[in-house]
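Encoded as structure tokens, the structure appears first; notes follow it.
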Amino acid sequence: MSASKLIVLMAFDESADGELVPAFEPKQVETEDRAVREARALSNRHAGVIAWARDADPAIGEYGPPVELFKHGNIPDLE
């Protein structure tokens with residue numbers, strides 16, 4: 001399998017304690033454009049939204065550094 005791109009969309013809400021919690025499981029998206037469109041659409045309904053991408057070759061376990069495509073609001077440290 002050749003290298004491909006992993007594109008992920010995540011959203012977060014605030015719990016009653018003020019902690020950021022995932023609004024849903026991280027969602028893999030087919031294209032960067034779609035990830036940005038979906039993230040913008042979610043940005044007014046969640047405390048934070050992020051879409052990011054990275055080069056990936058899962059067959060050999062190699063992943064490039066994440067590149068932020070869109071970020072809005074509060075996002076926890078994802079390291």
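Between Arg37 and Arg40, the closest side-chain pair of non-hydrogen atoms is not below 4.5 Å.
Annotation: side-chain hydrogen bond (donor to acceptor under 3.5 Å, both in side chains) contacts involving residues 6-25, sequence neighbours excluded, comprise Asp13-His46. Sequence neighbours left out, the pairs with a member in residues 27-36 that pass salt bridge (Lys or Arg N to Asp or Glu O under 4.0 Å) are Lys5-Glu32, Lys27-Glu38, Arg34-Glu38.
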Query raised in the report: Step by step, would you call Trp52 with Lys71 a side-chain contact (heavy atoms from CB on, under 4.5 Å)?
Result: CA-CA 9 Å; Trp52 57 270; Lys71 181 178 174 183; over 6 Å; no

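Taking Ile, Leu, Val, Met, Phe, Trp and Tyr as members and joining any whose side-chain heavy atoms lie under 4.5 Å apart, directly or through other members, Val67 forms no hydrophobic cluster with any other residue. Under a 4.5 Å side-chain heavy-atom cut-off, the cluster of Ile, Leu, Val, Met, Phe, Trp and Tyr residues that includes Tyr63 has no other member. When hydrophobic side chains of Ile, Leu, Val, Met, Phe, Trp and Tyr are connected at separations under 4.5 Å, Leu42 ends up clustered with Ile7, Leu9, Phe24, Val29, Val36, Val49, Leu69, Phe70.
Residues Gly64 and Arg54 come closest through the heavy atom pair O-NE, 2.8 Å. Nearest heavy atom pair, residue Ala39 against residue Ala51, reads CB-CB, 4.2 Å. Scanning both residues, Leu20 and Ala47, for their nearest heavy atoms gives CD2-CB, 4.1 Å.
In terms of the side chain to side chain contact (heavy atoms under 4.5 Å, CB included) criterion, residue partners of Pro22 (sequence neighbours excluded) are, by chain and number, Phe12.
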